[in-house]
Amino acid sequence: MGAVHLAHDVLDAQLVDRVQEKIGRVDALLLEIEAGRPPRVATIVIGGAARAERVGRWFVAIRRAWRAMFGQREEHVSRIPFDKVRRIGDTIELDVEERSLDSEHLERWLKEHVVCRIPGAGGERK
Amino acid sequence: MKKWGEVALGVVTSIGGFLEVGSIATSTQGGAEFGYRLAWVLLLGTLSLGFLMEMTGRLAAVSKRTYADLLRERFGYRFFLLPLVAVFAVSFLVLASEIGGVSIALQMATGISFSWWAIPVALLGWALLWRGTFGIVEKGTALLGLVAIVFAVGALKLHPAWPAVGRGLLPSAPSENRARYWYLAVSILGASISPYLYLFYSAGAIEDEWTIEHLGVNRVTAGLGNLFGGLLSVAALIAAALVLAPRGIRVDRYEQIAMVLASPLGRAGFVLFLATLCITCFGSTLEIVLAIAYMLAQGFGWAWSENLKPGKDARFAMSYTVVLLLAAVPIAIGMNPLALTNVSMVATAASLPVTVIPLLVLMNDGDILLNHTNGWPSNIALVIIALLSVVLLVAALPLQLLGGG
Amino acid sequence: MSARTVSLEDLLGRVVHDVEGRRIGRIEELEAEIELEGDGNEYVVTRFGVGRWGPFDAIASGLFVQQLVRRITRATSYVRYSIPWDRMDLTDPERPRVTCAERELARSGDG
Amino acid sequence: MRAVLINIARVAPSLALALTAVACGSPPELDKQLETLSSWTATMQLAREEHGEGAITTTYATQLRDGALSALEETQKTIGPAAHSKVDSSYAAAALDSLRTAIRQLNAETGS
């Protein structure tokens, strides 16, 4: 297996779970640096908090104020160890399940509380 | 054989999808105020859109990723926010204008004020998206949209002086009313080159599961389809130039536009004009709101497809639901649809750099396009469009202030 | 020294200096490979791609501008180094340094 | 570079001033108002023709008339101050008059 280009091929790449369901993008990639050892690719982070940090401090501050206004406390962020990566290609496949991810909280909440209460929302394909 | 069916369908799709509230309004305003003189701007807009659609379609067919996917993947989240916010804002305005177009058509037919129609129209559109598939949205609205050919019939029946039309296809500027002229030129370009068109087109290539084998279909669709669509806007301009301009009628309200076809074609022309306005704007409503939801879903990596049940892609389905209902509000509270359309078109023109310039990088990236990267003709065209987009950005606000009235 | 965690985004675009204090470019890419000694599923960074665009460097800090400028200036002033991990000192991730002089570094194609 | 910036700084305020003047400035000039009036007058005449030929519905013709009425009303309010001379005023009065006539004729045609 050749070298993986982290900025080009991994950061912002589409993530899919075991059954190829889309589960967000690589919002941040954490490296572990230790003297005398090569930096280790440690964690994939998915979630709004990670994205906000990439935009800038001002954006983090606005986001915090916004969330405080609406009383949102919990950060729904998923941190996935990099050794869960099964395949790196057009998408990155992770050895996880969509329903176990905290970052998919909104998707589940909308499904349960909104979408499934409207007729015609269920089933696989139309 | 199957492929030629696809080609034909693709061409029909672009024709039906080309004419919508923006091009109908701006073409007839241009024809009423400046005769054939702005025809060259329609030609320029059509050509530019053709190139952009061919490129984003090729990008999707080869890489199996949409343009929005690649905007995020190649340029990072920080940069991605710029096209996201810009496209979201202008597409929302255009979406509201399209809902306005459908509503005003219904008002002309029934006499019931347009503001009453906005919410029902949005709900009907939403129900179609909720229950329908991509094929229904794409092909259904396109086939019905062919009614727009009535503009060509109307223009021919008025017997335009073709040499004069030909001269209009060459750039020229009038000696007076320059600010208004250039303002309309910018609006026409905004109406022809809408980001939602190529974002929708590239997502559609993925929905229809295009592969490298579809590159021929893509080229013909983007080329011929836009050419025919562009001709229909030229026909609208010609009809306005022959019916409204000689009488000194300016288009101050949408209601005045129907006379453009009623004059040469009688009652049939009047009815078909209402049908065209209603159907094409409704089709565009669906396409724009899908384009917005696609861009959000692809940018953030959510599950998305118009072919999935909403329960399978809840965030995607809720995005188009919320956006569609919100976009009905300005019309429902009685905002003037024509004024809204004009502002949206200028805003669209100003937003172009953030979606056009990144293509310069993507279309030359061999990692993405393998050996289907841009050749020099496409690159020259793209550089010209990029420069044009920057000019539009700079000129939009001053022209809105000077020529908008 | 214990391990520290750094976000990839924080490293990208950082200006790199050489041992003599000369600015040699900005970090634009990190190459990772599966670590051979581990249990087989551990990726480690093996090389750093550092690029410089001459006069355009100052404005080319964003990823987008980097790519655009790289295309335009490829023929003229673009220089790229591929630096092995053990020559890159990340003690202070905000001020990465290479542990040798610029002239000792191998230039690479623009990958 | 600095010289350019200074020049921009010099020009910017006057440019901004000019733009605001145009944007929110004084009531629209007389020429423009006369144009609007004649545009609506012609609209009424064309609508009458088309209605006579059965090309357009009465419902629609009524909407066009309402458009003309609101344009008339708006112009009546603002055209006075825009007319600076006696000649101007007589032009304005004539234009308003012909629009009123055209509206009346359309009303007669549609029977409302």
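FYI, side chains are in, hydrogens and waters are out, and symmetry mates aren't considered; it's all heavy atoms of this structure. Numbers restart at 1 for each chain; the letters A, B, ... are given by sequence-line order, proteins then strands. As the structure is a computational prediction, the values presented were derived from the model and not from experiment.
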Heavy-atom contact with chain C under 4.5 Å, split by part of A/V85: backbone
Under 4.5 Å from any heavy atom of chain A - which part of C/S7: both
Over 12 foreign heavy atoms within 6.0 Å of CZ, A/R108: yes
A/R64, CZ: over 12 other non-hydrogen atoms inside 6.0 angstrom: no
Atom CZ of C/R95 with >12 non-hydrogen neighbours under 6.0 angstrom: no
From C/D86 atom CG to A/R37 atom CZ, the distance as rounded to the nearest 0.5 Å: 13.5 Å
Among A/L6, A/L29, A/L31, side chain to side chain contact (heavy atoms under 4.5 Å, CB included) partner for C/L11: A/L31
Worked verdict on C/L12 versus A/L11 for side-chain contact (heavy atoms from CB on, under 4.5 Å): CA-CA 11 Å; C/L12 294 175; A/L11 193 62; 4.1 Å; yes
Rounded distance [0.5 Å steps], NE2 in A/H8 versus CG in C/L30: 14.0 Å
A/R99, CZ atom: more than 12 neighbouring heavy atoms under 6.0 Å: no
Heavy-atom side-chain proximity of A/I88 to C/Y43 below 4.5 angstrom: yes
Exam field: side chain C/E42 to backbone A/R40, donor-acceptor pair closer than 3.5 Å: no
Nearest-0.5 Å distance that lies between atom CG in A/D27 and atom CD in C/E9: 10.5 Å
Within 6.0 Å of CD in C/E20, more than 12 heavy atoms from elsewhere: yes
Between OG1 on residue A/T43 and CG on residue C/L8, distance to nearest 0.5 Å: 12.0 Å
